[in-house]
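Remember, it's 1-based here, ligands and their atoms both numbered in the order they're listed. Throughout, numbering of the chain's residues begins at 1 and tracks the sequence. These numbers come from a predicted model, not from an experiment.
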Amino acid sequence: MKPIHVGLLGIGTVGGGTFTVLTRNQEEITRRAGRPIRIVKVADRNIELAKQVTQGAVEVTDDAFSVVSDPDIDIVVELIGGSTVARDLVLKAIANGKHVVTANKALLALHGNEIFAAAQKKGVIVAFEAAVAGGIPIIKAVREGLSANRIEWIAGIINGTTNFILTEMREKGMAFDDALREAQRLGYAEADPTFDVEGIDAAHKLMILAGVGFGIPMQFDKVYTEGITKLTREDIRYAEELGYRVKLLGITKRIENGVELRVHPTLIPEKRLIANVNGAMNAVVVKGDAAGPTLYYGAGAGAEPTASAVVADLVDVTRMQTADPHQRVPHLAFQPDQLSDLSILPMSEVRSAYYLRLRALDKPGVLADVTKILGDRNISIDAMMQKEPADNETEADIIILTHITVEKNIDQAIAAIEALPAIAGKVTRIRMEELNK
Ligand code: HSE
């Protein structure tokens with residue numbers, strides 16, 4: 001049968017992996033897709049690299065727009081990243097009637113509504129399994145495998161770089177800066193690590209997960225995003241002494257009056273499987289009302305794991321492209337006219353338990369003042385631990401775990417605690433999730 005023709009934009013790590021996997025597993029992929037899937041044109045600014053990777057087997061160009069306008073191409077694979085040129089290219093490909101496969105989470109989190117609407121109008125597919133958690137088929141699982149369920153919440157370690165850094169901090173007692181340098185040395189973190197360490201990459205992915213989980217449109221500006229740069233090895237150690245691990249989680253929950261969308265460092269009980277996901281690995285827990293919690297684990301980045309998702313999308317598009325567009329799986333799991341306008345909760349209304357660390361003068365009455373501030377705001381204490389000051393210090397670390405309360409109450413309590421004369425500096429606050437119901 002006539003091969004389906006693919007134009008590849010970007011032949012870096014994931015593009016190279018896609019070429020390798022498609023070539024190596026050609027026979028099995030053809031048996032699955034029903035026809036061969038062939039990359040016929042590659043665009044990359046680095047033409048020499050493109051030639052080297054494709055070994056002269058494919059036409060190469062430095063003009064990505066020539067690929068999205070090429071009448072011989074059926075599917076465009078966008079792997080160049082960013083959200084400006086990539087947006088133009090994807091919209092142009094759609095306008096030209098081409099299906100699109102993309103690994104670009106920033107593009108979808110920021111411009112997904114426009115892109116999905118354009119694709120819908122044109123009757124083409126935009127597939128994005130590779131945009132979230134690399135080799136883990138989490139989009140397929142949430143969108144199709146769990147389609148019987150009312151999804152209640154999704155919580156995931158969806159950034160490998162920060163998980164690697166947190167693992168190094170815990171296992172080797174490293175400071176954040178040293179662990180970051182190690183992540184950069186090993187190639188996990190970029191020279192400018194902002195997107196990873198500030199939680200922005202995870203927030204992009206969380207927005208997409210919430211989209212397919214709840215059928216809500218993209219609204220990236222409403223995701224609360226807090227990274228890991230302020231975490232100290234002491235906090236990680238104290239959390240461990242209390243039976244918790246610290247992970248950067250993307251959390252989205254359906255609650256009575258809306259949806260929570262938040263990325264932040266989180267204490268999780270160490271007995272949860274996801275608390276034991278270490279190194280650069282990713283994992284996502286999805287709680288459905290029928291299936292209960294299901295856990296998905298695997299490599300969230302890297303050439304072949306991400307290529308696995310890209311190629312699976314190519315197989316899907318190849319199978320589905322002749323189907324009536326109304327019979328296809330909707331981009332955001334729910335029919336486009338059935339998307340929900342559930343509001344996103346402001347962080348001040350989110351309910352959570354908290355880890356608080358304060359540095360206090362070790363003298364009578366300080367703890368009484370602190371507990372009174374919490375009690376006055378109806379915040380109940382779950383556990384408390386005091387660390388004796390070091391020989392040359394006068395302040396002790398006090399760690400308090402609270403029961404669940406509303407974020408605005410804890411904000412007020414923290415402000416009042418910081419105003420006490422016996423408290424030095426800022427109170428550290430880390431949210432806690434049990435992830436058990
Ligand atoms: N930078 C991402 C991570 C991988 O560290 O998980 C690509 O999404």
Under-4.0 Å heavy-atom contact with ligand 1, by part of Asp201 that carries it: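 The part of Asp201 near ligand 1 is the side chain, not the backbone.
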Side chain, backbone, both or neither: which part of Thr306 comes within less than 4.0 Å of ligand 1 when only heavy atoms are counted?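 No part of Thr306 comes within reach of ligand 1.
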Would you say CD1 of Ile255 has more than 12 non-hydrogen atoms from neighbouring residues, nucleotides or ligands within 6.0 angstrom?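 Check passes, neighbour count above 12.
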Within 45° of the six-membered ring axis of Phe128 and under 6.0 Å from that ring's centre, is NZ or CZ of Arg143 located there?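 So Arg143 does make the cation-pi contact.
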Would you mind checking which non-hydrogen protein atom is closest to [atom], with the distance to 0.1 Å?
{"atom": "atom 5 (O) of ligand 1", "value": "Thr161 OG1, 2.5 Å"}
{"atom": "atom 1 (N) of ligand 1", "value": "Asp196 OD1, 3.0 Å"}
{"atom": "atom 6 (O) of ligand 1", "value": "Gly160 N, 2.6 Å"}
{"atom": "atom 4 (C) of ligand 1", "value": "Ala301 CB, 3.6 Å"}

Can a non-hydrogen atom of Lys105 be found less than 4.0 Å from any atom of ligand 1?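 Within the 4.0 Å threshold, so yes.
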Which of these passes salt bridge (charged side-chain N to carboxylate O under 4.0 Å, His left out) with Lys41: Asp63, Asp62, Asp70?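 With Lys41 as partner, salt bridge (charged side-chain N to carboxylate O under 4.0 Å, His left out) holds for just one option, Asp70.
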Run through Arg272, Arg351, Arg262, Lys287 and flag the one making a salt bridge (charged side-chain N to carboxylate O under 4.0 Å, His left out) with Glu433.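 It is Arg262, the one option of Arg272, Arg351, Arg262, Lys287 that forms the salt bridge (charged side-chain N to carboxylate O under 4.0 Å, His left out) with Glu433.
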Is any side-chain heavy atom of Arg32 less than 4.5 Å from a side-chain heavy atom of Arg319?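 Arg32 reaches Arg319 side chain to side chain.
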Side chains of Leu401 and Tyr244: closer than 4.5 Å at any heavy-atom pair?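 Counting from C-beta outward, Leu401 and Tyr244 do come under 4.5 Å.
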